[in-house]
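The shown structure was predicted, so the numbers you read here are calculated from the model rather than taken from an experiment. Excluded from the calculations below are hydrogen atoms, water molecules and symmetry mates; all remaining heavy atoms, backbone and side chain alike, are included. Residue numbers start at 1 and run along the sequence shown.
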Amino acid sequence: MSEKTAITPATHTAPPAKFSHGVKKGNILQVAGQVGFLPAEEGKAPTPAGPTLREQTLQTFANVKAILEEGGATWDDVMMMRVYLTDVDHFAEMNAIYNQYFEEQGLKAPASARTTVYVGLPKGLLIEIDALAVLG
């Protein structure tokens, strides 16, 4: 039986509660919900990449990707993504950013499955994304 391993890239701060940014067991890697915080800086509070949906979405993708890579995965290993938006009016813009990002990443077909829901997030945060990857 394989052990469960926590995944925390150097770009991330310690989680604010008792959870891991990513957890790997066997060939499964679950990335916890990530938001658009800039890479961690010693002694500084987490800071959003910017006020816009584009800035936060692209940084959120970078944060998810950092965990995937630390766990030995790529976007092509992702089976499921969940996107959490704070505003229903951001759906079309997020889809455009999402599609462009994955085109630029050279993602192989087929794309992962995805769910999008609307939630409350801490003030100033517009998007959160988690991902489930299967390696090998």
Any donor-acceptor pair under 3.5 Å from [X] side chain to [Y] backbone:
X	Y	value
Asp130	Gly33	no
Asn99	Ala96	no
Gln30	Ala131	yes
Thr60	Gly36	yes

Rounded to the nearest 0.5 Å, how far apart are [atom1] of [X] and [atom2] of [Y]?
X	Y	atom1	atom2	result
Met94	Ile129	CE	CD1	7.5 Å
Thr11	Phe37	OG1	CZ	13.0 Å
Leu135	Asp76	CG	CG	11.5 Å

Non-hydrogen atoms of [X] and [Y] that approach each other most closely:
X	Y	answer
Ala73	Ala133	CB-CB, 4.2 Å
Ser20	Ala32	O-CB, 3.4 Å
Thr8	His21	CG2-CD2, 3.8 Å

With the side chain counted from C-beta on, respond yes when [X] and [Y] share a heavy-atom pair under 4.5 Å apart, and no when they do not.
X	Y	result
Lys24	Glu70	no
Leu107	Tyr101	no
Gln56	Leu125	yes
Leu29	Leu68	yes

(Q) Please evaluate residues Thr57 and Val83 with respect to the criterion side-chain contact (heavy atoms from CB on, under 4.5 Å), reporting the C-alpha separation (whole Å), side-chain torsions for both, the decisive distance (0.1 Å), and the verdict. (A) CA-CA 10 Å; Thr57 301; Val83 177; over 6 Å; no

Q: Show your working on side-chain contact (heavy atoms from CB on, under 4.5 Å) between Ile28 and Val134 and close with a plain yes or no.
A: CA-CA 5 Å; Ile28 304 291; Val134 178; 3.8 Å; yes

(Q) Which residue is it: His12, Gln59, Lys65, Glu128? I am looking for the one with a side-chain contact (heavy atoms from CB on, under 4.5 Å) to Gln34. (A)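 Among His12, Gln59, Lys65, Glu128, the one that satisfies the side-chain contact (heavy atoms from CB on, under 4.5 Å) with Gln34 is His12.
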
Q. Can you tell which of Thr116, Ile97, Leu53, Asp87 makes a side-chain contact (heavy atoms from CB on, under 4.5 Å) with Ile127?
A. Leu53

Going only through I, L, V, M, F, W and Y residues with side-chain contacts under 4.5 Å, is there a path from [X] to [Y]?
X	Y	value
Leu85	Val31	yes
Met81	Phe91	yes
Ile67	Tyr98	yes

Q: Could you tell me whether Met79 atom CE has more than 12 heavy atoms of other residues or ligands within 6.0 Å of it?
A: no

Q: Begin with the C-alpha distance, continue with both residues' side-chain angles, and end with the deciding distance and a verdict on side-chain contact (heavy atoms from CB on, under 4.5 Å) for Phe61 and Gln105.
A: CA-CA 11 Å; Phe61 283 141; Gln105 295 296 304; over 6 Å; no

Q: Could you give me the CA-CA distance, side-chain angles and deciding distance for Val117 and Arg82, then say whether side-chain contact (heavy atoms from CB on, under 4.5 Å) is met?
A: CA-CA 8 Å; Val117 296; Arg82 283 169 290 275; over 6 Å; no

